[in-house]
Amino acid sequence: MPSTPSPTDRPRPPRTAAVIPAAGRGVRLGPGAPKALRVLGGTPMLIHAIRAMAASRAVSLVVVVAPPDGAPEVKHLLDEHALPEHTDYLVVPGGETRQESVRLGLEALPEDVAVVLVHDAARPLVPVDTVDAVASAVRDGAPAVVPALPLADTVKEVEPAGTPGEPEPVLATPVRARLRAVQTPQGFDRDTLVRAHAEVAVDGEGATDDAGMVERLGAPVVVVPGHEEAFKVTRPLDLVLAEAVLARRRANDGF
Ligand code: CTP
Ligand code: MG
């Protein structure tokens, strides 16, 4: 009879973790609490984002990157709100730029994590199907996977004006059908993303897109369909849209 390895010496399968950068101030949203802590439908945006990641059966660990001095407050929030029990949670303080915050989140990952999803706290309403689709594309072998949507607006490249409000000369009009607006969660082979963060220096405001950093390594990046409800809460009107999406969900779920 073949001997069965005991639970302690059986190698554990590689895990998928979600890193949630939530350390931004939310300047474009206007004065108030840090954006991730603003409330939507009575619940902080960050809690919605954590629940969206933990809802995916692929995700067994969520690392929240809190505002630099806000880690105790975020830990308290996690204790206060019901979260799925099959998932582990870690909170680490973030940095001055999103790029630094993501790197600090990556540094907190345990060794057995092989796949990483990076998800903006500012995209609280991403559906679980989008999370699952990204995670499974990475598990199937793509080193970097980005959910994205075709654009509604035509885009122009301009020479930015020195003074806000001044007319700006148009340089080019890319063919709209070839453009995609990218969302999160973006999914990565862990080693590829760690290498990108080690090699791409923080320049000014830093990179706002992890996949772009992986592109600079020369590694292949693919796009999969994103979702309208994965929009980023950036400006005040986005809060109105987010509340409307939540109200529609509540009406559809009948609670
Ligand atoms: N983020 C972060 N650390 C930073 C800056 C941003 O973790 N130093 C996070 C934000 O909390 C957000 C995500 O990165 O979840 C996307 O950034 P963005 O939408 O630009 O959020 P903010 O930087 O908070 O907003 P703003 O740029 O308007 O200040
Ligand atoms: Mg920002």
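In each ligand, atom 1 is the first atom listed, and ligand 1 is the first ligand listed. The analysis underlying the following values was restricted to heavy atoms, covering all of them including side chains, and did not include hydrogens, waters or symmetry mates. What you are looking at is a predicted structure, and each value in this text was computed from that prediction instead of being measured.
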Quick one: salt bridge (charged side-chain N to carboxylate O under 4.0 Å, His left out) pairs with a partner in residues 67-88, sequence neighbours left out?
Arg15-Asp88
According to salt bridge (charged side-chain N to carboxylate O under 4.0 Å, His left out), does anything in residues 16-39 pair up with another residue at least two apart or in another chain? List the pairs.
none
Side-chain donor-acceptor contacts of residues 195-214 below 3.5 Å, not counting sequence neighbours, with atom names and distances?
| from | atom 1 | to | atom 2 | distance (Å) |
| --- | --- | --- | --- | --- |
| His197 | NE2 | Asp210 | OD1 | 2.9 |
| Asp209 | OD1 | Gln186 | NE2 | 2.6 |
| Asp209 | OD2 | Gly212 | N | 2.9 |
| Asp210 | OD2 | Arg98 | NH1 | 2.8 |
| Asp210 | OD2 | Arg98 | NH2 | 3.3 |

Would you find a donor on one side and an acceptor on the other, under 3.5 Å apart, between the side chain of Thr130 and the backbone of Val126?
no
At a 4.0 angstrom heavy-atom cut-off, what protein residues surround ligand 1?
Pro21, Ala22, Ala23, Gly24, Arg25, Gly26, Val27, Arg28, Lys35, Gly95, Glu96, Thr97, Arg98, Ser101, Asp120, Ala121, Ala122, Lys232
What are the two closest non-hydrogen atoms of Pro150 and Arg180, and how far apart are they?
N-CD, 4.0 Å
What heavy-atom pair brings Ala135 and Leu117 nearest, and what distance separates the two atoms?
CA-CD2, 4.1 Å
